[in-house]
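To start, the structure under review is shown below, and the notes come after it.
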Amino acid sequence: MSLRLYNSLSRQKEPLVTAEPNIVKMYCCGVTVYDYCHLGHARSYIVWDVVRRYLMWRGYKVRYVQNFTDIDDKILRRAREEHSTMEAVSEKYIQAYFEDMARLNILPADEYPRATHTLDGIKRLIHELEQQGMAYAAAGDVYYSVRKFTDYGKLSGRKLEEMQAGASGRVESSDPEASKKQDPFDFALWKAAKPDEPAWESDWGKGRPGWHIECSAMVRDRFGDSIDIHTGGADLVFPHHENEIAQSEAVTGKPLSRYWMHNGMVNVDGEKMSKSLGNFTTIRQLLDNPLPILNDTTFDPMALRLFVLQAQYRKPLDFTDEAIQAAQHSWVTIREGLLFGWNHGPQLNWPDLPPDLPKAPAESEAIDQFRRAMDDDFNTPEGLAVLFELAKTLKRNGNILKHGGQTDTPSENLYQTWLCLRELAGVLGLVAPPEIPSVQPQTGPSAEEIEALITRRQSARESKDFATADQIRDELKAQGIQLIDQPGGVTSWIRE
RNA sequence: GGCGGCAUAGCCAAGUGGUAAGGCAGGGGCCUGCAAAGCCUUUAUCCCCAGUUCGAAUCUGGGUGCCGCCUCCA
C-alpha cells in the first residue's frame with residue numbers, strides 16, 4: 001500500500017508519485033519576519049516537519065527548502081516604529097524563528113532562501129513574463145496580467161467572474177495601485193521605490209519585488225521548473241499560491257508542483273488566530289510563562305507538538321486552556337514511555353544502550369498500524385493512538401518496577417516495545433532527553449537522611465502516632481520526596 | 001454574494017457500508033491508619049429529516065449550525 005496524500009489541486013487524496021523515484025523536492029512557504037512566530041506558525045511548521053520526517057522514514061530522500069520573506073511593508077513599518085532598519089528587523093526575527101523552531105524540535109531546512117538574496121532570480125522571472133506578454137510595466141511598477149493566464153483559479157477553485165461580484169467593492173477604490181492596473185485582478189510583480197525605503201536597481205527603475213514572485217523565483221533557483229510538494233497554510237491558497245502558479249507556469253509551461261498541501265488554521269474561541277484579529281499567542285509567550293492551569297509550571301514544547309498532532313493537519317485546531325492541560329498530561333505519558341529504557345533498562349539487565357538505538361523490527365504490528373495511519377494523508381491522531389498504546393504499556397511496567405514489584409512481561413518484549421515507541425515518536429519529532437536519574441543533580445535531603453526519616457515514621461506508625469507520621473511525610477513532600485507505602489509495611493521513595 | 005470545509009461522549013479526536021480507536025477529564029473498585037502513587041474497571045449509537053440497502057456515523061437528497069478564503073496572513 002502506498003502513501004496517499006490530499007492534493008489541494010485535485011481536492012482529493014492521491015498516491016504519492018514523485019518525479020524521481022525516492023526523491024521528494026519540497027518547498028514550504030515560510031514567514032514574513034516582522035514579529036515573533038505565533039501558534040499558527042508553530043502548527044504549520046510542526047506539520048510540515050512531520051511530513052518531512054515521515055517521508056524520510058519511508059525511505060525518501062527529501063530536499064526541503066523554506067523561505068524568509070524579508071522585504072515587506074510590515075517589516076518596514078516595524079523598522080520605523082523601532083527606529084531601526086529593515087535588515088535589522090528581519091535579522092532579529094529570523095534568529096527568533098530559529099530559536100523557536102529548535103525548541104519545537106523542528107528539523108532545519110536544507111536551505112533558507114531570502115527575498116533579499118533572490119533579486120536576480122526574481123528580476124529574471126519578471127523579464128521572462130514580460131517577454132511572453134504576461135506582464136506589463138506601469139510607472140515603475142510591473143503587474144501580472146491575470147486574465148492572460150487561462151488556468152488562473154485552478155488551485156483555489158474560483159473563477160474571476162464569480163470573485164468580481166463580491167470583491168469589487170474593495171478592489172476598486174481602496175487600492176492605491178488600482179489606477180496603474182489594467183485590471184483589478186492584476187497583482188504587482190515589482191513595486192516602484194518609495195522615498196526612504198530600501199530599493200534595488202532594475203530595468204523598471206529602482207524598486208522592490210512584490211510578495212508572490214519571490215517563491216516562484218526561489219523554487220526555480222533551487223529546484224528547477226517543478227517540485228513534488230509545495231506546502232503552506234490554508235490561508236495562502238488564494239491569492240499567494242494561485243499567483244505563484246500563474247507566475248511560474250506561464251514561464252515554464254510545466255506544473256509548479258505536483259502536489260499542494262495546506263494546513264488548517266489554529267483557532268481561538270472558534271476564530272482564526274491571526275495578527276489582524278490580535279488574538280494570537282506567540283510561541284515564546286506560551287512556552288516561557290508559568291501557567292496557572294498547569295499549577296504554575298511551564299508548557300512543555302513537546303506537549304505543544306503533541307497538541308498540534310492530535311488534530312488532523314487539514315482541520316481547524318482550537319487553542320484552549322483545556323487543550324493545553326490535556327496535551328501536557330498526554331505528553332507526560334508519552335515521555336514516561338520514552339524514558340523507560342533509561343530509567344529501567346539497568347534494572348532489567350538490558351545491555352548498555354548505544355547512542356544510536358537499533359531500529360524496531362519492521363514487521364511489528366505497531367509499526368504496521370502506524371504506517372497505515374500515516375500513509376493515509378498523514379493521519380497523526382491515529383498514529384498517536386499507536387504511540388499511546390506502547391507508552392501506556394511501558395509506563396505501567398515502569399510503575400510496577402518503580403514500586404518494587406516484579407513485572408511478568410519478559411524483558412525482551414519491553415525492550416522491543418521501547419525501541420518501537422522511540423522510533424515512532426521520533427518520526428513525529430517527539431523526543432525526551434535521556435534523563436538518567438543518577439546523573440541528575442540531587443537536591444534536598446540525602447538518601448541516608450530520607451531513610452532515617454522513613455524509619456522514624458515507621459515507628460510512629462507502629463505506635464499509631466499518625467500525626468507524627470503524616471508530618472514527616474508532608475515535610476519530605478515539601479522537599480520533593482514522594483513516599484510510597486507498599487503492601488507489607490515497606491515504604492519506598494522517589495524524587496519528583 | 002461566490003468558492004471550500006466541518007458537525008462523533010464533558011473536552012479533544014480516529015473511524016467513510018457490517019452493530020463506535022486513542023488522549024484528557026469524570027465515576028466505581030482494589031490497596032492504605034488516612035493519603036499519594038499505582039493497579040483494575042467504567043462512561044456515546046455518531047446535528048435534524050427523508051431516502052438507498054439485509055445492514056449507514058459511514059452512500060444520496062433536503063435542512064440547520066459553525067468555520068475558512070475572496071485584503072496582509074501559517
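So that the names make sense, note that chain A is the first sequence line, chain B the second, and so on, each numbered from 1.
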Protein-nucleotide distance (A/Leu483, atom CG; B/rC31, atom P), rounded to Å:
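Going from A/Leu483 (CG) to B/rC31 (P), I get 21 Å.
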How close or far is atom C1' of B/rU16 from atom CD of A/Gln312, stated in whole angstroms?
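Atom CD in A/Gln312 sits about 14 Å away from atom C1' in B/rU16.
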Expressed in whole Å, how much space separates the [atom1] atoms belonging to [N] and [M]?
| N | M | atom1 | answer |
| --- | --- | --- | --- |
| B/rC69 | B/rA37 | P | 43 Å |
| B/rC31 | B/rG26 | P | 23 Å |
| B/rA25 | B/rG18 | P | 33 Å |
| B/rU58 | B/rG17 | P | 11 Å |

For B/rU53, the Watson-Crick or wobble partner whose two distances fall under 3.5 Å:
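The answer is none; no pair meets the criterion.
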Any base atoms under 4.0 Å from [X], or only sugar-phosphate, or nothing? Heavy atoms, all strands.
| X | result |
| --- | --- |
| A/Val266 | base |
| A/His240 | nothing |
| A/Phe307 | nothing |
| A/Thr231 | nothing |
| A/Lys275 | nothing |
| A/Thr333 | sugar-phosphate |
| A/Lys464 | nothing |
| A/Arg396 | sugar-phosphate |
| A/Arg457 | base |

Tell me whether the count of non-hydrogen atoms from other residues, nucleotides or ligands lying under 6.0 Å of [atom1] in [X] goes above 12.
| X | atom1 | answer |
| --- | --- | --- |
| A/Asn295 | CG | no |
| A/Glu365 | CD | no |
| A/Asp474 | CG | yes |

Side chain of [X]: nearest nucleotide among [options]?
| X | options | value |
| --- | --- | --- |
| A/Thr32 | B/rG22, B/rA74, B/rC69 | B/rA74 |
| A/Leu236 | B/rG2, B/rA74, B/rG33 | B/rA74 |
| A/His38 | B/rG33, B/rA7, B/rA74 | B/rA74 |

Hey, is the side chain of [X] poking within less than 4.0 Å of OP1 or OP2 on [N], counting only N and O atoms?
| X | N | result |
| --- | --- | --- |
| A/Lys392 | B/rG22 | no |
| A/Lys315 | B/rG68 | no |
| A/Lys13 | B/rU16 | no |

Donor-acceptor pair under 3.5 Å: do we get one between A/Arg473's side chain and the base of B/rC34?
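Such a pair is found, so the answer is yes.
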Considering only heavy atoms and no angle criterion, is a donor-acceptor pair shorter than 3.5 Å present between the side chain of A/Asp470 and the base of B/rG33?
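Flag set: donor-acceptor pair detected.
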Give a yes/no verdict on base stacking between B/rG33 and A/Phe466: centres under 5.5 Å, planes within less than 30° of parallel.
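Stack criterion met.
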